[in-house]
Amino acid sequence: MALKSINLTGEQKKVLFLPATNPIQIKGVAGSGKTTIAMYRAKHLLDTYSDLFREAEIMIFSYNNSLTQYIQSLLPYVIGGYQETTDVRKASNRGLKVKVSTFHKWSYSFLRSHGVFNEYAQMERSEHNLIMTNTITETRKSFQGARILNKPLNFFDEEISWIKGQMIKTLNDYLSTARIGRGTKDRVDKNDKAVIWNVYETYRLEQVSRKKIHFDDHASYCLNLIERRNIQPEFTHIVVDEAQDLNKAQIMVIKSLVKPSTNSLTIIADTAQRIYKSGFTWTEVGINVRGGRTVEFKKNYRNTKEIAQAANSLMSHDLEDDDLTAMDVDSITSHGDKPVLIYYGDAEAAKKALLERTREAKRKGGSIVVLHRYRNKLDYYAKLLEEGGIPTEVIRSDNLADFGSNTVKICTLSSVKGLEFDHVIIMELSKMIIPSPDGFGQDNDEYHVTTERKLLYTAMTRAQKSLCLFVPRAYPSMFIEEIDRQYLTVVRQA
């Protein structure tokens with residue numbers, strides 16, 4: 001999966017020569033090469049910008065650990081030397097030496113280096129769930145009959161995470177702030193918000209008493225630390241990949257890390273691939289990317305036309321009022337087989353079909369990934385394929401993936417974001433799995449549905465040559481009916 005020596009196209013190349021000062025935004029559809037452009041932009045800035053005393057300090061923030069590892073594996077292959085007015089390249093050292101990190105990995109290191117974890121400890125997920133469960137139970141004593149308290153734990157996780165991400169400090173602020181992410185019919189009224197705020201404050205008191213920091217607190221702790229100790233920015237340029245999935249507080253931290261002399265932020269985003277419910281505007285965080293400071297890519301360079309048509313037909317059902325970049329499917333010149341939709345009757349039939357499809361993909365050559373909505377099924381599919389004589393590697397946050405190896409990669413729909421593979425196989429597209437039942441804050445949570453639709457769309461558009469969707473006949477996901485059948489080859493497994 002190594003980055004091939006490529007020539008950036010005209011529309012991609014012009015990003016390199018946008019001003020090296022003040023923010024710019026790159027908006028692009030899936031497959032438009034945004035991550036590649038992020039690396040080449042960083043390379044160009046590193047090669048061309050320096051002051052009298054030292055080279056530019058550049059940081060790339062990526063979406064998750066798997067994307068960070070992927071970018072790091074590609075850095076040695078990035079080539080510079082591009083000129084604005086000619087196709088001739090000047091001599092440039094091959095490779096890109098920059099820092100690459102997720103926000104949480106960086107923030108943990110930052111807080112630790114400044115002594116925060118001498119006084120506080122990082123909260124584990126199990127402890128967070130226990131406190132949250134106890135808090136909801138306690139709140140029921142004060143708000144008897146409040147139906148909002150019957151919502152699943154995931155609902156309160158999301159809402160409290162959103163409150164922290166928006167840096168909301170008081171109940172009045174919470175009541176007056178529109179909650180982007182509860183569907184077009186916001187059923188969380190003022191009374192509900194009063195109950196939720198009580199859950200939030202009770203949770204926070206217990207958290208403080210235990211001297212624990214949750215990952216959702218990292219951004220606010222970083223901002224307070226930077227302001228209180230007057231910590232000076234260290235980076236000349238910052239590139240933010242998949243910026244649409246960061247929240248307001250995280251973007252404000254990143255913004256504070258870039259030197260005022262350049263104020264150089266390269267923001268790369270695609271709202272069609274937003275998979276977390278953290279909507280905000282750049283204006284809210286003091287970032288101006290209007291007019292000529294935004295470049296939009298509509299051409300897809302990754303997918304075949306057949307894969308893009310199927311994915312686009314799914315996204316045509318998205319009703320969210322977003323500033324979406326429309327994919328120019330007609331401009332795609334690469335062709336291949338239609339995506340295959342496999343209906344299966346039971347686990348044994350699915351196992352047989354998966355082995356057949358994986359072996360077929362290996363015969364064709366290229367990289368392969370098997371995807372599932374939940375991480376607790378990854379080892380199951382790894383074992384299944386290994387028993388069939390197919391070497392695998394599970395991609396997750398606690399291990400370093402070897403993207404250059406010839407193993408079949410296995411990961412979640414979320415973790416594959418930003419990556420690309422020749423062959424993509426997506427398992428168990430069941431109505432009990434996607435959209436995830438735990439994510440519904442209300443019976444008809446349109447925003448949760450649209451977020452899950454984007455998650456599937458993102459996974460589908462990782463495929464360069466072939467795409468295969470596995471669907472149980474008895475209980476297919478609602479999204480399967482949204483994919484236009486003319487763009488699929490349907491197989492009914494015995």
Side-chain angles (χ1 to χ4, degrees), residues 1 64-67 69-70 275 307 311 339-438 452 455-477 479-480 491-494:
M1 290 180 60
N64 58 23
N65 285 320
S66 58
L67 182 54
Q69 293 169 22
Y70 181 59
I275 62 175
I307 292 171
V340 178
L341 179 64
I342 296 181
Y343 283 108
Y344 62 88
D346 55 27
E348 191 60 32
K351 173 182 176 180
K352 179 182 176 183
L354 174 60
L355 288 170
E356 289 174 350
R357 293 288 165 175
T358 306
R359 287 167 182 154
E360 180 183 346
K362 288 185 74 67
R363 285 193 296 271
K364 292 179 178 178
S367 55
I368 306 169
V369 69
V370 174
L371 304 175
H372 194 276
R373 177 66 179 84
Y374 297 131
R375 66 172 61 92
N376 62 7
K377 292 299 290 287
L378 302 184
D379 289 335
Y380 167 80
Y381 286 107
K383 182 180 179 182
L384 188 156
L385 290 172
E386 291 279 357
E387 289 175 347
I390 300 172
T392 65
E393 182 178 7
V394 177
I395 299 176
R396 48 179 154 231
S397 59
D398 57 355
N399 73 305
L400 294 175
D402 180 3
F403 287 100
S405 71
N406 196 29
T407 56
V408 173
K409 303 299 186 288
I410 302 176
C411 67
T412 62
L413 299 186
S414 299
S415 294
V416 80
K417 188 169 187 177
L419 309 183
E420 58 184 31
F421 294 84
D422 292 301
H423 310 285
V424 172
I425 300 171
I426 307 178
M427 304 304 298
E428 288 193 83
L429 293 174
S430 155
K431 68 179 181 182
M432 278 91 80
I433 292 177
I434 186 169
S436 172
D438 291 340
E452 293 282 291
L455 180 60
L456 178 56
Y457 166 82
T458 300
M460 292 171 66
T461 55
R462 300 308 93 195
Q464 293 177 286
K465 295 179 180 178
S466 76
L467 172 63
C468 189
L469 310 174
F470 276 67
V471 182
R473 281 201 301 266
Y475 34 88
S477 165
F479 297 137
I480 297 305
V491 175
R492 300 190 182 276
Q493 193 75 10

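Sequential numbering from 1 along the given sequence is applied to the chain's residues.
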- What pairs with T392 under side chain to side chain donor-acceptor pair (under 3.5 Å), at least two apart in sequence or on another chain?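 By the side chain to side chain donor-acceptor pair (under 3.5 Å) rule, T392 matches E386.
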Which distance, rounded to the nearest 0.5 Å, do you find between the [atom1] of [X] and the [atom2] of [Y]?
X: L371; Y: C411; atom1: CG; atom2: SG; value: 5.0 Å
X: L341; Y: R492; atom1: CG; atom2: CZ; value: 8.0 Å
X: Y380; Y: I410; atom1: OH; atom2: CD1; value: 11.5 Å
X: K417; Y: T412; atom1: NZ; atom2: OG1; value: 12.0 Å

Measure the shortest side-chain to side-chain distance between [X] and [Y] over non-hydrogen atoms and say whether it is less than 4.5 angstrom.
X: I434; Y: F479; value: yes
X: I425; Y: F470; value: yes
X: I426; Y: L456; value: yes
X: V370; Y: L378; value: no
X: L469; Y: L467; value: yes

- Message: Evaluate N64 against S414 for side chain to side chain contact (heavy atoms under 4.5 Å, CB included), listing each step before the verdict.
- Response: CA-CA 9 Å; N64 58 23; S414 299; 5.6 Å; no
State whether the side chain of [X] and the backbone N or O of [Y] hold a donor-acceptor pair below 3.5 Å, judged by distance alone.
X: T461; Y: Y457; result: yes
X: S436; Y: I433; result: no
X: D422; Y: S367; result: yes
X: R462; Y: E420; result: no
X: T407; Y: P391; result: no

- Query: Is any NZ, NE, NH1 or NH2 atom of the basic residue among E393 and K409 found under 4.0 Å from an Asp or Glu carboxylate oxygen of the other?
  - Reply: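 The answer is yes: the pair qualifies as a salt bridge.
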- Message: Check D379 with R396, please: is the shortest side-chain N to carboxylate O separation under 4.0 Å?
- Response: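 Yes.
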Minimal non-hydrogen separation, [X] against [Y], with atom names:
X: M460; Y: I307; result: O-CG2, 3.8 Å
X: L385; Y: V408; result: CD1-CG1, 4.1 Å
X: S415; Y: S66; result: O-OG, 2.5 Å
X: D346; Y: Y344; result: O-CD1, 3.3 Å
X: V416; Y: F421; result: CG2-CE1, 3.9 Å
X: L413; Y: A459; result: CD2-CB, 3.7 Å

- Task: For the pair Y343 and V491, evaluate side chain to side chain contact (heavy atoms under 4.5 Å, CB included) and give the outcome as yes or no after the intermediate values.
- Result: CA-CA 6 Å; Y343 283 108; V491 175; over 6 Å; no
- Message: Please determine whether the number of non-hydrogen atoms from other residues, nucleotides or ligands lying under 6.0 Å from atom OH of Y374 exceeds 12.
- Response: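 Result for OH/Y374: enclosed.
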Show the atom names and distances, to 0.1 Å, of all donor-acceptor pairs under 3.5 Å that link a side chain in residues 353-361 to residues at least two apart or in another chain.
residue, atom, partner, partner atom, Å
T358, OG1, L354, O, 2.7
R359, NH2, G388, O, 2.9
E360, OE2, K364, NZ, 3.4

- Message: Can you pull out every side-chain hydrogen bond (donor to acceptor under 3.5 Å, both in side chains) where at least one residue sits in residues 423-435? Sequence neighbours excluded, please.
- Response: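 Residue pairs passing side-chain hydrogen bond (donor to acceptor under 3.5 Å, both in side chains), neighbours aside: H372-E428, K377-E428, Y381-E428, H423-S466.
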